[in-house]
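Here's the structure, in structure tokens; my notes come after.
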Amino acid sequence: MRRKPLILLILIVSLPVAGLAWLGMRVASDDKAALQQRFEEVFSVQLRDIDGTISRHFAALSTELRATASHVSDDADGIRSLLRTSPQVRQVIVLDHSGKILHPDPATPLNLGEREFLHEAQELIQDRDLIHAAEERSDISQRNEPESNFNRRQFTVAEETAAGTREGWHVWYWGRGVHLIFWQRRVDGKVVGLLVERGRWMADLIAALPETVDREYEGVPVATTSRFRLIDSLGHSTYEWGGYEPPNAASPLVEIAVSPPLNSWRLQALVPDSLLAGAGSGTAFQLASGIGAVAGALAVLVAVFWREYSREIQQAAQRVSFVNQVSHELKTPLTNIRMYADLLAADLEHLDGPANGKPADRLRVIVSESQRLSRLISNVLTFGRQQRQTLVLRPRLASIDELVQRVVEQFTPTLERLGIRIELELGASKPASVDEDAVEQILVNLVSN
């Protein structure tokens with residue numbers, strides 16, 4: 001069997017299958033991306049709902065602290081009494097319009113909590129951060145500093161109230177992490193700040209967050225296939241919920257920033273990779289089945305075509321072999337005919353008289369036609385050898401002029417009878433290395449045509 005048809009048939013099968021496989025991979029990839037986008041949308045909505053819960057929690061806390069701040073006086077004893085009845089507030093700071101500290105006044109006797117607060121808030125007081133926040137016209141102002149100085153990075157969320165006062169949240173990083181100060185600027189220019197007890201507001205925040213999630217996506221309970229995290233400004237997980245236990249190096253599917261005042265905190269949603277891969281397995285199976293069916297159909301067609309092609313090749317080879325056998329068989333009686341025709345021509349040469357004319361002419365026709373039939377048989381044998389790719393040339397030194405003259409002499413009686421005259425201009429008398437039979441066959445074909 002020949003290589004080229006086989007290679008062509010392999011390409012007929014492999015190229016369409018490869019194209020379909022590439023197209024299937026693209027479709028599967030697009031389907032997976034679309035599926036992941038749908039999951040991201042679902043979990044983004046869930047995270048925004050959680051963030052809304054956090055925002056509502058701090059809005060309610062702001063209302064409580066606003067009422068507490070309104071009762072803060074300039075009297076140290078009154079402030080200390082207020083702290084004893086307000087467990088949410090750890091310490092109170094009062095500043096005048098210029099930033100001078102009125103409470104806790106370092107020039108007066110202070111208790112242990114007040115001295116600790118002044119030590120912790122030394123930079124806060126010196127930089128007049130609360131005064132700057134109260135004077136800001138924009139709703140949100142933020143002071144960004146390098147990550148290497150992370151504990152000093154602060155920002156403020158402020159808003160104007162209907163009573164003409166200004167209030168908001170000041171986020172302050174010190175010691176264990178983030179601290180929240182609810183501040184209020186009064187009409188007289190004084191600024192009151194309430195340092196919220198860190199353990200209390202974090203515990204209340206976690207209590208406000210859900211313990212689990214009841215939502216489902218495509219029949220899969222989100223609570224058992226996901227994990228939600230509240231990440232603080234240091235990258236630590238503050239609170240987690242959900243049935244999925246992710247590995248340590250797992251990346252979140254969706255992540256959003258928490259609303260003020262916890263701007264530096266993040267909410268994350270994590271899902272197992274198997275959830276995304278498993279949800280798209282149906283499409284991948286359908287694509288694989290389709291590609292397999294197409295490949296099978298092409299393979300069947302190629303097998304049928306190859307069988308028919310092989311049969312045609314075999315039949316053609318049989319026909320060539322038959323012609324070669326018949327041609328060989330014909331050469332034997334033809335050789336005898338030519339031999340007896342030559343003998344008869346020799347006998348006629350010994351006869352005298354006009355009776356010798358016509359028989360001699362007819363005999364020459366027999367000899368000429370037998371020679372032509374011999375050449376035709378030789379052509380058939382040569383063609384058969386070429387079909388089998390077994391034609392072998394046997395070059396040897398010979399004169400081209402003599403070959404040409406010999407062929408012309410063979411055709412001379414026939415050409416004269418037809419009124420055709422041949423003029424020869426020979427010029428290759430020197431011997432050349434050629435296959436005499438092949439050259440003679442070429443010349444015979446040329447003249448006979």
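Heads up: numbering here begins at 1 and tracks the sequence.
Distance CD1/Ile93 to CD1/Ile101: 4.5 Å, rounded to 0.5 Å. Expressed to the nearest 0.5 Å, how far CD of Gln184 lies from CZ of Arg66 amounts to 7.5 Å. The CD atom of Gln268 lies 9.0 Å from the CD atom of Glu240; values are rounded to the nearest 0.5 Å. Taking CD1 from Ile50 and CH2 from Trp241, the interatomic distance works out to 4.0 Å, rounded to the nearest 0.5 Å. If you take CD on Glu402 and CG on Leu426, they are separated by 10.0 Å, rounding to the nearest 0.5 Å.
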- Task: Output, in order, the C-alpha distance, side-chain angles, deciding distance and verdict of side-chain hydrogen bond (donor to acceptor under 3.5 Å, both in side chains) for Asp401 and Ser399.
- Result: CA-CA 5 Å; Asp401 289 350; Ser399 174; 5.1 Å; no

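Counting heavy atoms from C-beta on, the side chains of Ile54 and Trp265 never come closer than 4.5 Å.
Contact check on Arg80 versus Asp77 returns a salt bridge, with a Lys/Arg side-chain nitrogen under 4.0 Å from an Asp/Glu carboxylate oxygen.
Around the CD atom of Glu40, the shell of radius 6.0 Å holds more than 12 heavy atoms that belong to other residues, nucleotides or ligands.
Side-chain contact annotation: Glu197 with Gln88, donor-acceptor N/O pair under 3.5 Å absent.
Val92 pairs with exactly one of Val72, Leu195, Thr68 by the side-chain contact (heavy atoms from CB on, under 4.5 Å) rule, that one being Val72.
Ring geometry, Trp169 versus Phe58: the interplanar angle exceeds 60°, so the pair is classed perpendicular (tilted spans 30 to 60°).
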